[in-house]
Visitor: 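Mind having a look at this structure? Questions to follow.
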Amino acid sequence: MSDWPFEYQIDSPDVNLAMCVRSGQVFRWRIRGHLHWGVIAGAAFVIEVDGNRWHVQSNANPSECRRIFGIDVDQTQLWAKILAGDFGLADALKECYGLRMITQDDPVETLFSFLCSANNHISRIEGMVNCLSEYGEVLGEWSGKTWRVFPSLDVLTCIGESELRAKGFGYRAPRISQCAKRALELGGIDWLNHLKTIPADEAMEQLQLLPGVGPKLAECVALFGLGHQSVVPIDTHMWNATTRRYFPELLGTSLTDSRRNLVRDEFRRRFGDLAGLAHQVVFVDEMRNWRLRR
DNA sequence: TAGGGACCTGCC
DNA sequence: GCAGGTCCCT
């Protein structure tokens, strides 16, 4: 057992980790009281939140940590811009204090995490993602745990259907290796990284060449894994929230491609490049209300 | 182009 | 019964 490569403190981070997790950006992050731990962007973290200070153990140095969690982002400025796009979000913005877009940089992990998410619920998705990450290379052994990066496309192609069936993947079991194979045919990790550099809409079109990837997953991968900040992932919750807020005449109708475009255009018109972050605010607010209703 | 059904599994 | 969809079919 070796020590963590880096141990440091971050003073007054204006970031609420629990809020970032609640907004559905990451699946490999655990919280127990003041203790947070997980792997993000190929870096392992144990973070103890001590009042106004983070005690961090990681293989990522302080500047990498600050970048990943958006520590130095000026939230006041962002919130003002979102508020200007829709004054009706004032209350939701207050509830979302400390929310950030986490910089993940690992489109493979994002892609396969959301591949597990279709027609599924969070607790099982997390279990499945953790299961897949067991196939990843070891980052290190710290704090009594073996920390792993998410497996590469090559490794994912080798995971058999029966193996994943046995681990409770259900009908998604064959999709993992199928999707990985197709991604390799399209150019593998270089192709995925290239999608960061082209317009968001083109990137999403390309992503949908993958089996099991429809518009919603393409949106999630584009926003969370490729860093396309203007993308708005629209799931059932977002559709409910958005019709209530902006398209009351469509309340109760089903979400089609054309209506999806309608929502995307409305968010871009209102929030521009902050459309993705505005989406997070609306999503967190909607999920909070949804839980309260139940 | 809109609507409807099947799909694994686990938790309500 | 339903869940942070996708795919296939009218």
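Below, chains carry the letters A, B, ... as their sequence lines are ordered, and counting in each starts from 1.
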Visitor: Do A/Gln280 and A/Arg100 have a side chain donor and acceptor closer than 3.5 Å?
Guide: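 Absent: no donor and acceptor within the cut-off.
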
Visitor: With Watson-Crick and G-U wobble geometry limited to distances under 3.5 Å, how should the secondary structure of DNA chain C be encoded in dot-bracket form, using | for bases paired to another strand and [ ] for crossing pairs?
Guide: |||.||||||

Visitor: Side chains of A/Thr236 and A/Trp239: does their closest heavy-atom pair fall under 4.5 Å?
Guide: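 No - every pair of side-chain heavy atoms lies 4.5 Å or more apart.
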
Visitor: Let me know the distance between CZ of A/Arg172 and P of B/dG10, rounded to the nearest Å.
Guide: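 In whole Å, B/dG10 P lies 11 Å from A/Arg172 CZ.
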
Visitor: Step by step, would you call A/Asp201 with A/Arg268 a salt bridge (Lys or Arg N to Asp or Glu O under 4.0 Å)?
Guide: CA-CA 12 Å; A/Asp201 292 351; A/Arg268 287 185 181 166; 3.1 Å; yes

Visitor: Hey, do the aromatic rings of A/Trp4 and A/Phe45 have their centres closer than 6.0 Å?
Guide: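 Distance test on ring centres: not under 6.0 Å, no.
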
Visitor: Which value, in whole Å, describes the distance between the P atoms of nucleotides C/dG5 and B/dT1?
Guide: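 It works out to 22 Å between them.
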
Visitor: Identify, between A/Gln208 and A/His237, the residue whose nearest nucleotide on DNA chain C lies closer to the 5' end.
Guide: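 Going by which nucleotide is closer to the 5' end, it is A/His237.
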
Visitor: Just the endpoints, please: which first and last nucleotides of DNA chain C, 5' to 3', lie under 4.0 Å from a heavy atom of chain A?
Guide: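 Going 5' to 3' along DNA chain C, contacts run C/dA3 to C/dC7.
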
Visitor: Indicate yes or no: at least one non-hydrogen side-chain atom of A/Val56 is less than 4.5 angstrom from one of A/Gln9.
Guide: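 They are not in side-chain contact.
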
Visitor: May I ask you to say what A/Gly212 touches in the nucleic acid, namely base, sugar-phosphate or nothing, with a heavy-atom cut-off under 4.0 Å?
Guide: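 Sugar-phosphate contact only.
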
Visitor: Within the pair A/Ser254 and B/dA2, is there a side-chain N or O less than 4.0 Å away from OP1 or OP2?
Guide: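 No.
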
Visitor: Side-chain N or O of A/Thr256 versus OP1/OP2 of B/dA2: is the shortest distance under 4.0 Å?
Guide: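 Affirmative; the distance criterion is met.
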
Visitor: Checking A/Tyr246 against A/Asp86: is there a side-chain donor and acceptor pair closer than 3.5 Å?
Guide: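 On atom types as modelled, these side chains qualify, holding a pair under 3.5 Å.
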
Visitor: C/dC8 and B/dT9: how far apart are their C1' atoms, nearest whole angstrom?
Guide: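 About 22 Å, rounded to a whole number of Å.
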
Visitor: Restricting to non-hydrogen atoms, name the atom on A/Ala18 and the atom on A/Ile31 that form the minimum distance, rounded to 0.1 Å.
Guide: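 So the two residues come closest at CA-CD1, 3.7 Å.
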
Visitor: Which heavy atom of A/Arg28 sits nearest a heavy atom of A/Val129, and at what distance?
Guide: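 Closest approach of A/Arg28 to A/Val129, heavy atoms only: CG-CG1, 3.8 Å.
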
Visitor: Given 3.5 Å as the limit, does a donor-acceptor pair link the side chain of A/Arg124 with the main chain of A/Gly168, or not?
Guide: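 Side chain of A/Arg124 to backbone of A/Gly168: a pair is present.
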
Visitor: Could you check whether any side-chain heavy atom of A/Ser177 comes within less than 4.5 Å of a side-chain heavy atom of A/Glu161, counting everything from C-beta outward?
Guide: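 Answer no - side chains too far apart.
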
Visitor: For A/Glu205, look at atom CD and say whether over 12 heavy atoms of other residues, nucleotides or ligands are found less than 6.0 Å away.
Guide: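 No - once you tally the heavy atoms of other residues, nucleotides and ligands closer than 6.0 Å, there are 12 at most.
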
Visitor: Take atom OH of A/Tyr171 and atom P of B/dC7, then tell me their distance rounded to the nearest Å.
Guide: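 It works out to 10 Å between those atoms.
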
Visitor: Figure out the CZ/C1' separation between A/Arg165 and B/dT9, and round it to whole Å.
Guide: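 So the CZ-C1' distance, A/Arg165 to B/dT9, works out to 11 Å.
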
Visitor: Considering only the P atoms, how many Å lie between B/dG10 and C/dT6, rounded to the nearest integer?
Guide: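 It works out to 22 Å between them.
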
Visitor: Taking atom P in both C/dG4 and B/dA2, compute the distance separating them and give it to the nearest angstrom.
Guide: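 Roughly 24 Å separates the two P atoms.
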
Visitor: Give the residues of residues 272-286 of chain A touching DNA chain C, defined as any heavy atom closer than 4.0 Å, sorted by residue number.
Guide: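 Close to the strand are A/Phe283.
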
